[in-house]
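Working notes for the structure below.
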Amino acid sequence: MTVRTRFSPSPTGMIHLGNARAALFSDLYAAKHDGHFILRIEDTDVSRSEIQFVESLQEDLHWLQINWQEGPGVEGQHGPYWQSQRQEIYGKYYKILEEKKLIYPCFCTDQELNLARKLQLSRGQAPRYSGTCRKLTEAEIAKRLSEGQKPAWRFSVPAHQTIEFTDTVKGLQQFKSDDIGDFIVRRADGTAPFIFCNAIDDAMMEISHVLRGEDHLANTPRQIMLLTILNLSIPKYGHLSLIVGDDGSPLSKRHGSFSVHEMRAKGFLPIAIINYLARLGHTCDTQELLPFAELAKHFQLDKLSRSPARFDPVQLMYWQKLAVQSLDIPAVWRWLGETIQNTVPENMRQLFAETIKANLEFPEDAAIWAKIFFHENVQLDEMEADIVREAGEQFFVEAELAVDKFGMDLPAILAEMKQTLGVQGKKLFMPLRAALTGKAHGPELAQIAHLLGAKKMKHRLSRAFKLASIQQASGTE
RNA sequence: GCUCCCUUCGUCUAGUGGUCAGGACAUCGCCCUCUCACGGCGAGAACACGAGUUCGAAUCUCGUAGGGAGCGCCA
């Protein structure tokens, strides 16, 4: 059997980490089995769908390296891949259902429905369509239609049945049809709602495996009923447990920014995100940072966890660090982005990227170093100023002399200062580091020296000298 | 309220009747080292609770508690 999976977002917002995970898993599964991954845009809710979201969604997916073999921009055998363009397909099935008397028109208004729901809820019952319009006679229906009322159509859920299926993640599932109310399969305006078109499209597109959020679990028996009655093929369904925030509640803006778009803007690397996601609620038998193709090889449906997983930003950062370190220098340079690139002199690019790479998590970290290296002065914080004062005037006198003598050759400078001052180790390096960079921590000093150049080094050392002498003057009072 | 799903270190998880309950991230300590990071070594840290089945239960059964989802002319 050819594996065909799909991701079917509705373009009502930016793509989220949870969505991205469902898409990723679907793609990984297809890739693992040399199948097709299909992107289908479920834009049937015209009022909420926006074209801009369709575009950003595709962009985000591509950025994550989630690529579809059929879908928008990649036409295939089973198009169109926009649900809004598939409405006539559904018409055919409405006809069959109507002929078989499996659906009926419902004239109930929103108010009536809401009232009934509230009543049932207050009585401790599950809110379910009561079946008012199911009992309508032909004559009554004809009368209402002639009055110009526009009905929605509901599926007559059969009584006393058990719908069974084996979820590829959660195992055997059983639902009683008596727990399921007659649901709408066709809106009053003639369009098909999710439950219907999603199932029909999966069948039409010959989807073999559906991986979707657990929130769809209860929809599954309905869709199976429909497909069974229409004699269409039923995909294997697997329901992914949801991702929750660190407090166990559903992931939301409260927990930070988790739209793929924002993560991208922040500087997350796609490889970091997909490696993290592939190990969230899924066991991967290796701990290495893997490219997409490798991730696909290691993806297994039976390694999917049944329990909800917490999103852990710290663990994500681990993958981000690995991902950054795995980048080669040209890739680091590109990743830094234009703003930072513009602050680094052309001939310094290679050295700059090499020097700070190990200290980077995001491009914004590089911005700090670019400022330190290429702006005129550095600002010392209290701790760094203390280090400078403690070293004393003489330290910086000697340092300046050494720079005069050896330029930016730091090993030589250090050797000289070791001689003249008789200090070494931390006492030698820290004051220099503080004076030159304004920070107690950072990359290799020898490379920093080359980034700064002798002139800037002298300038900063003389400023450090002044700082140290003020301290000495006041200290002798 | 009803239906369904879930419950192993702080987090992600391995584990399918007999394990010193394993790994990763995080934390802490040591080493490496001019600092941070990297790397190496090590430590602390978990079977939600209660019954039952069994010679033996994280593993099977039933309850309880807690968390989540669904119950739309949204998807």
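Below, chains carry the letters A, B, ... as their sequence lines are ordered, and counting in each starts from 1. Below, all heavy atoms of this structure are taken into account, side chains as well, without hydrogens, waters or symmetry copies.
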[atom1] gap between [N] and [M], integer Å:
{"N": "G67(B)", "M": "G29(B)", "atom1": "C1'", "answer": "36 Å"}
{"N": "G10(B)", "M": "C5(B)", "atom1": "C1'", "answer": "24 Å"}
{"N": "G22(B)", "M": "C28(B)", "atom1": "P", "answer": "23 Å"}
{"N": "C4(B)", "M": "U11(B)", "atom1": "P", "answer": "28 Å"}
{"N": "G70(B)", "M": "G50(B)", "atom1": "C1'", "answer": "30 Å"}
{"N": "A14(B)", "M": "U8(B)", "atom1": "C1'", "answer": "10 Å"}
{"N": "C62(B)", "M": "A57(B)", "atom1": "C1'", "answer": "15 Å"}

Quick one: label [X] by what it contacts on the DNA or RNA (base, sugar-phosphate, nothing), any heavy atom closer than 4.0 Å.
{"X": "Arg117(A)", "result": "sugar-phosphate"}
{"X": "Glu214(A)", "result": "sugar-phosphate"}
{"X": "Leu217(A)", "result": "sugar-phosphate"}
{"X": "His216(A)", "result": "base"}
{"X": "Gln173(A)", "result": "sugar-phosphate"}
{"X": "Gly181(A)", "result": "nothing"}
{"X": "Thr44(A)", "result": "sugar-phosphate"}
{"X": "Arg306(A)", "result": "sugar-phosphate"}
{"X": "Arg154(A)", "result": "sugar-phosphate"}
{"X": "Ala188(A)", "result": "base"}
{"X": "Ala218(A)", "result": "sugar-phosphate"}
{"X": "Pro193(A)", "result": "sugar-phosphate"}

Please tell me if [X] has a side-chain N or O lying less than 4.0 Å from either OP1 or OP2 of [N].
{"X": "Thr283(A)", "N": "U13(B)", "answer": "no"}
{"X": "Ser305(A)", "N": "U13(B)", "answer": "yes"}
{"X": "Arg212(A)", "N": "A75(B)", "answer": "no"}
{"X": "Arg123(A)", "N": "G1(B)", "answer": "no"}

Open item on the list: Regarding C36(B), can its base be found pairing with the side chain of Asn359(A) as donor and acceptor, where the two atoms are less than 3.5 Å apart?
Closed with: yes
Open item on the list: Which residue is it: Phe155(A), Phe194(A), Phe196(A), Tyr129(A)? I am looking for the one with a ring-ring contact (aromatic ring centres under 6.0 Å, His included) to Phe183(A).
Closed with: Phe155(A)
TODO: May I ask which nucleotide in the shown strands pairs with C4(B), Watson-Crick or G-U wobble, both distances under 3.5 Å?
DONE: G68(B)
